[in-house]
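Proteins come first, then strands; the chains are lettered A, B, ... in the order of their sequence lines, and each starts at number 1. This one's a predicted model, so the numbers in the text were calculated from it and none came from an experiment.
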Number of protein chains: 2
Amino acid sequence: MANSIEANCLLCMQRSDIFRNLNDNELHSVNSCRVSIKYHQGEILFKQGSPCHDFVCITSGMVKLYLESESDKRIIIGFVKPVDYIFVPGAFTDKRHHFTAVACEETTACLVGSDVFQQIVEANSAFSSAFLNKISEQAIRMFEQLSSLTHKQMPGRIADVLLCLSQKIYNANPFVTSLSRQDIADMSGMTKESAIRIMKTFKDDNLIRTEGDLIELLNIPLLETISRNG
Amino acid sequence: MANSIEANCLLCMQRSDIFRNLNDNELHSVNSCRVSIKYHQGEILFKQGSPCHDFVCITSGMVKLYLESESDKRIIIGFVKPVDYIFVPGAFTDKRHHFTAVACEETTACLVGSDVFQQIVEANSAFSSAFLNKISEQAIRMFEQLSSLTHKQMPGRIADVLLCLSQKIYNANPFVTSLSRQDIADMSGMTKESAIRIMKTFKDDNLIRTEGDLIELLNIPLLETISRNG
DNA sequence: TTCAACCGATGATATAAATCATCAGCTTAA
DNA sequence: TTAAGCTGATGATTTATATCATCGGTTGAA
């Protein structure tokens with residue numbers, strides 16, 4: 001395996017909680033069909049609507065997940081960072097991908113055949129239970145996003161996105177991002193122009209500072225108030 | 001147990017798939033702490049933000065689930081009909097409810113302590129695996145709703161709601177509903193006035209017919225086109 | 001090297017949708 | 001039995017947001 005960056009799954013185990021629930025046999029079957037692949041920025045890991053064959057775990061870089069609509073509009077539903085896996089609901093139902101995954105930057109991912117994975121889920125209850133916890137968190141995040149996108153006006157939605165990026169995605173305050181304004185617009189359900197305009201007003205009001213790919217939140221309490229007031 | 005309508009869980013088993021995966025011991029422990037409760041229309045089964053103690057299975061009637069925002073706006077994220085259970089993601093994470101459940105009509109529900117339930121999920125992998133399938137379907141439905149609410153204009157969203165009600169909730173074409181126009185507005189992320197206006201234009205164009213609590217879809221292909229075009 | 005394509009940015013304009021107001025019919029509570 | 005409140009309905013008005021157009025800068029491909 002030319003692209004493989006880890007010798008086996010043990011390295012991953014130290015970081016991705018869910019694999020702690022696997023025994024040696026299970027780990028071996030995962031490892032034996034594991035493939036590590038490198039993606040360049042903008043490359044697609046899998047596409048909405050396509051059949052899902054593999055369980056995907058991100059080992060470096062970052063991936064964005066988005067829904068595509070008929071009218072070519074996108075909505076970003078989440079990001080996946082190392083070491084974490086992409087929960088693909090279609091793997092348990094119609095074997096189709098229901099969103100698209102794209103590398104935001106140079107990214108490496110381990111792929112494991114979803115049949116192997118599925119067998120383990122069905123056999124190992126600690127594993128599937130850990131999986132349940134993970135999905136539950138994701139469901140709760142989806143509720144928050146749905147609430148934000150449908151009930152808040154643009155300033156509240158942009159505030160939500162900026163706080164999310166700083167506090168959940170990058171875990172840093174000035175943070176450097178590879179996301180474009182279009183991506184931020186896709187996260188907050190508006191056009192690129194509107195996202196830029198709102199960010200401009202935030203800059204004018206000294207709520208944030210931007211410099212190239214860097215964004216700094218200067219007044220988090222006020223951003224939180226804007227988020228709360230919608 | 002005065003309100004109990006079933007003697008034990010076997011009756012439910014015949015209809016709710018997921019319980020087929022339980023053995024006698026597990027069924028007994030579920031049954032022993034089961035309580036059946038009757039709710040009147042509009043009564044709350046549980047409230048967003050409150051601690052979640054019980055696993056809830058609907059045995060008659062119908063329940064609507066909705067998110068509440070600070071500004072008292074609601075968004076309906078789903079309905080639960082007999083015999084099906086309510087997936088409460090908080091049960092696996094922070095032990096809080098993240099949405100509110102309200103009886104749309106006279107409803108009976110079986111409550112089982114979530115600790116008992118949790119133990120079974122952790123011990124019985126067939127059960128938790130079946131649970132995973134269920135949640136996956138729900139996640140996919142959430143994607144569709146998110147896409148509809150953020151990318152489609154009002155006519156498309158109302159068309160989505162009407163098709164959903166007829167084809168997924170009531171499984172009938174003229175169908176009688178206990179949902180108000182406000183509920184339909186809450187399903188489609190708009191104000192009551194806008195929902196009424198769009199439905200009026202649909203009536204004028206002979207797409208639908210309404211008579212009291214009855215709604216009939218007269219031109220489903222065209223409604224589907226409107227849904228697709230957003 | 002040049003052309004095409006995308007990005008951030010900004011202004012002018014159009015429009016989708018919310019808000020406000022009103023009214024009639026019906027149910028519920030005092 | 002009356003008053004209060006909710007529902008469906010409709011019109012007038014306001015406002016939030018998308019769309020369209022343009023521009024300079026950068027990147028990437030031919």
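For A:E68 and A:K47, the salt-bridge test passes: some basic side-chain N is under 4.0 Å from an acidic carboxylate O. Ionic pairing of A:K134 and A:D84 is present here: one or more N-O contacts between side-chain nitrogen and carboxylate oxygen are shorter than 4.0 angstrom.
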Inset, instruction - Show your working on side-chain contact (heavy atoms from CB on, under 4.5 Å) between B:L45 and B:V56 and close with a plain yes or no. - result: CA-CA 9 Å; B:L45 282 78; B:V56 179; 4.0 Å; yes
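B:K192 comes within 4.0 angstrom of a base, heavy atoms only. Residue contacts for A:Q182: at a heavy-atom cut-off of 4.0 Å it reaches the sugar-phosphate backbone alone, with no base atom in range. Residue contacts for A:T191: at a heavy-atom cut-off of 4.0 Å it reaches a base atom on one of the strands shown.
A donor-acceptor contact under 3.5 angstrom links the side-chain atoms of B:R197 to the base of C:dT19.
Rounded to whole Å, atom P of C:dA17 lies 14 Å from atom NE2 of B:H151. Computed from coordinates, the B:R181 CZ to C:dA18 P distance equals 17 Å when rounded to whole Å. Note: CD1 (B:I158) to P (C:dA17) measures 11 Å, nearest angstrom. The CG atom of A:D183 sits 8 Å away from the P atom of C:dC7 (whole-angstrom rounding). The CD atom of A:E193 sits 12 Å away from the P atom of C:dA9 (whole-angstrom rounding).
Among the nucleotides D:dA9, C:dA18, C:dT10, the one closest to the side chain of B:K203 is D:dA9. For A:S194, the side-chain atoms get nearest to D:dA18 when compared with the rest of C:dC20, C:dA18, D:dA18. Comparing D:dT19, C:dT19, D:dT7 by their closest approach to the side chain of B:S180 singles out D:dT7.
Summary of the strand contacts: A:G189 and B:I196 both lie near DNA chain D, and taking for each the nucleotide with the nearest heavy atom, the more 5' one is attributed to B:I196.
Ring orientation note: the planes of A:F131 and A:F55 are tilted relative to one another, at an angle of 30° to 60°.
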